[in-house]
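Hydrogens, waters and symmetry mates play no part in the numbers below; they use all other heavy atoms, side chains included. What you are looking at is a predicted structure, and each value in this text was computed from that prediction instead of being measured.
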Amino acid sequence: MGKIKFKIGNKIFGGFLVLIVFFIVNASIIFINGNKIDSVVNTSSEIIRPSKEAINDFILLVTRSKMLITNWVYLQSNTDDKEALKNLHEFEYPQLKDKINNLKVEWEVDSQKALIDSAFLKFEKLMTVEKDIMSQLVTFENYEDPLTKLLAEDAVDSQVIPLTASITADLDKVAVTQQNVTEDSDVELKEAASQLRTITVITGLIIVSLSLIIAFIMARNITRPINYIKDILVKLGKGELVDERNRKFSNDEIGEMATAMDNLVTGLRSTTFFAENIGKGNYDSEFNPLSEHDTLGNALIEMRNNLYRVAEEDKKRSWSTGGLAKFGDILRKNNDNIEKLSDDIISNLVKYLGANQGGLYIIEEDNSEDEPYMVLTACYAWDKKKYVDQKVFKGEGLAGQVWLERDSIYLTEVPDNYIKITSGLGDANPRSVLIVPLKVNDEIYGVVEVASFKNFEDYEKEFVEKIAESIASTVSSVKINAKTQKLLEESQEMTEQMRSQEEEMRQNMEELQATQEEMQRSQFEAESTMDAINRSVSTVEFDEEGKILNANRNFLELMGYTRDEILGEHHRILVSKDDKSSEEYKMFWRDLSAGVPKEGEFKRLTKSGEVKFLKENYAATRHRDGSVSKIMLFAYDVSDYKLEGV
């Protein structure tokens, strides 16, 4: 059988068909790898990194929960924190739990799922404890009940704090695991990019080799004028740069093949170099695809853009996360000294933002002025002599306007007379000024102001607003701690007074014991005396809470009540509406309940509403253990005397 002969046109067509098929295979392999890289990038942005952020949010929520329930126990009047705690239980936690559960489905580490489920169970147990505390401390009487208050404080110390620590420990482990997953994702992304680069180089070399082989086969069957093109292809196959300007390609299939080969080699060289730059992280490398239909080139450009966007977002996120952790540590270290805390905050904030100067204003509410004002508690690279002891009232200047409007102000056109950034070489206007309110739970505690020669990016402004909220929370805690310390000192002083009175009462009891026999001998005389007192003086017996146990006839006739009408009623039925709600009246009965005697002239109301002025003397009788048994009132009417004085 003779050999089959092919025309030169068929051979050329067959050779190019092989190259085209292999080029399509090559492009498909690279495209598949590009999709793999896109898949890794999407998984990182939609699952891995949101999971990391959600876990960090959970840690912050647990810490806020501990702070809010502590404020619930120790700060009766802090309704904002109470509402925040309820909102955390009813909305924030369920939303965060749903978010984590949706992300958890895609997690590959079972131990991580077990830890987050354990954290949910522990936090829900913690919520049960907190709800129990919240149900016990509702009214003023609950807070005034020592036993209820003590049980609530003990629950915070023995249950809330340990559970919070345990939950935080579990979440820290989950965060570490999630960090490892993030790092593995980055490694996988780099390996995929490296694999893509390797495939590109290998397939490029294969295509070039196939081109040389086909060119060699074609050269043996093409006429002598074509030998020149063969030589050019051989030189190109050896890596030589061919520049024969005096030669022109014929306008036929051979010319088109030579031109296409030249473009292919050039394009592969450019594509390989571009892929290597992407693998090295050089996302600014320039690359022009062979045409708008260049699948490989356009896929590489799309991959480069995606990688660059992810890298920039990760860089910003890492910057913000690192800053939040840094300032969280600063806020924890100096939360008992507002001046030291302010200095650390403003100096570190200016440096971290790469700004030039800044100031921190804190609202002073406990002052002798008619309205609250802010003072500059700390500054960095500021004209301190000019601004020392400066008072800023609400609505005054930009800082006061931020306080009034409760929203941030960002200036990029700073007036010449606003502030100057001064250095040894002179001074100049800043390019931008950012003023942010220190706001938490919709309450303003101050203002932070930062000036810079550069414009602030959006993520930097968002970072300052988040930090401002944390600063406000810490300032609130510092103020609350100061008030608590003051109340503690007053309580200790009152305790010392009570101890002194108890010692005096003990000495009196010893004297009474010494005279007990004499009292027994004069008992009849005392009973006669009491009968005489009852006949001439109004007397009433109260329990330690102020409820009437007994009243003699003189008192009943004086106030217009019958015995059945007045027994069991509280002393409040004898005083006016304004006196009932006054803090002085509440303190009056707290002292009597503690055994402190009282005397003086007081305004009282009869059953019919008539005003009587009584000369009253209150004294407590005690049990053998020293506790108050009941409170005796001896009174007589001095209304005529008071009215004559009027």
Under the ring pair (Phe, Tyr, Trp, His ring centres under 6.0 Å) rule, collect the residues that match up with [X], sequence neighbours excluded.
| X | value |
| --- | --- |
| Tyr459 | Trp319 |
| Phe123 | Phe58, Tyr93 |
| Tyr74 | none |

Name all residues meeting the side chain to side chain contact (heavy atoms under 4.5 Å, CB included) criterion together with [X]; count only those two or more places apart in sequence or in a different chain, and write none if there are none.
| X | value |
| --- | --- |
| Glu396 | Val392, Phe393 |
| Lys131 | His89, Met127 |
| Lys125 | Leu163 |
| Thr139 | Glu141, Asn142 |

[atom2] on [Y] to [atom1] on [X], rounded to 0.5 Å:
| X | Y | atom1 | atom2 | answer |
| --- | --- | --- | --- | --- |
| Thr377 | Glu364 | OG1 | CD | 8.5 Å |
| Asp344 | Ser342 | CG | OG | 9.0 Å |
| Ile362 | Leu376 | CD1 | CG | 10.0 Å |
| Leu398 | Leu411 | CG | CG | 5.5 Å |

Practice item. Using the side chain to side chain donor-acceptor pair (under 3.5 Å) rule, take Glu130 and Ser65 through it: C-alpha gap first, then chi angles, then the decisive distance, then the call. Key: CA-CA 9 Å; Glu130 290 178 349; Ser65 173; 2.4 Å; yes

Check your understanding: Among pairs that include at least one residue of residues 161-185, which meet ring pair (Phe, Tyr, Trp, His ring centres under 6.0 Å), considering only residues two or more places apart or in two chains?
Key ->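 Checked against ring pair (Phe, Tyr, Trp, His ring centres under 6.0 Å) - neighbours excluded - no pair reaches residues 161-185.
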
Review point. How would you list, by chain and number, every residue that makes a salt bridge (charged side-chain N to carboxylate O under 4.0 Å, His left out) with Lys598, sequence neighbours excluded?
Key: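 Lys598 satisfies salt bridge (charged side-chain N to carboxylate O under 4.0 Å, His left out) with Asp591 once adjacent residues are dropped.
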
**Study point:** Cation-pi geometry met for Lys149 and Tyr143 (6.0 Å, 45°)
**Key:**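 Here Lys149 fails the 6.0 Å and 45° test against Tyr143.
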
**Study point:** Geometric cation-pi criterion, Lys461 with Tyr410: 6.0 Å, 45°
**Key:**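 Yes.
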
Practice item. Take Tyr380 and Asp343, measure what side chain to side chain contact (heavy atoms under 4.5 Å, CB included) needs, and give me the verdict at the end. Key: CA-CA 8 Å; Tyr380 181 85; Asp343 285 335; over 6 Å; no

Check your understanding: Any side chain to side chain donor-acceptor pair (under 3.5 Å) pairs touching residues 154-163, not counting sequence neighbours?
Key ->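 Side chain to side chain donor-acceptor pair (under 3.5 Å) check on residues 154-163 returns no pairs.
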
**Study point:** Contact list for residues 622-631, test side chain to side chain donor-acceptor pair (under 3.5 Å), sequence neighbours left out
**Key:**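 Matches after skipping sequence neighbours: Glu541-Lys630, Asp625-Ser627.
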
Review point. What closest approach, in Å, do Val160 and Leu126 show between heavy atoms, and which atom pair accounts for it?
Key: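 Of all heavy-atom pairs spanning Val160 and Leu126, the closest is CA-CD1, 3.6 Å.
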
Would you kindly say whether [X] and [Y] are connected by a side-chain donor-acceptor distance under 3.5 Å?
| X | Y | result |
| --- | --- | --- |
| Glu616 | Tyr618 | yes |
| Asn71 | Asp81 | yes |
| Glu83 | Asn87 | no |
| Glu465 | Ser408 | yes |

Check your understanding: Hey, are the side chains of Ile346 and Cys379 touching, using non-hydrogen atoms and a 4.5 Å cut-off?
Key ->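 No, their side chains stay 4.5 Å or more apart.
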
Practice item. Determine, using ring centers only, whether Trp589 and Phe542 are less than 6.0 Å apart. Key: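 Yes, close enough.
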
Review point. With Glu469, which residues qualify under side-chain hydrogen bond (donor to acceptor under 3.5 Å, both in side chains), at least two apart?
Key: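 With sequence neighbours excluded, Glu469 shows a side-chain hydrogen bond (donor to acceptor under 3.5 Å, both in side chains) to no residue whatsoever.
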
Exercise for review: Run the numbers on Glu92 and Lys86 for salt bridge (Lys or Arg N to Asp or Glu O under 4.0 Å), then give the verdict.
Suggested key: CA-CA 9 Å; Glu92 294 183 24; Lys86 294 177 181 178; over 6 Å; no

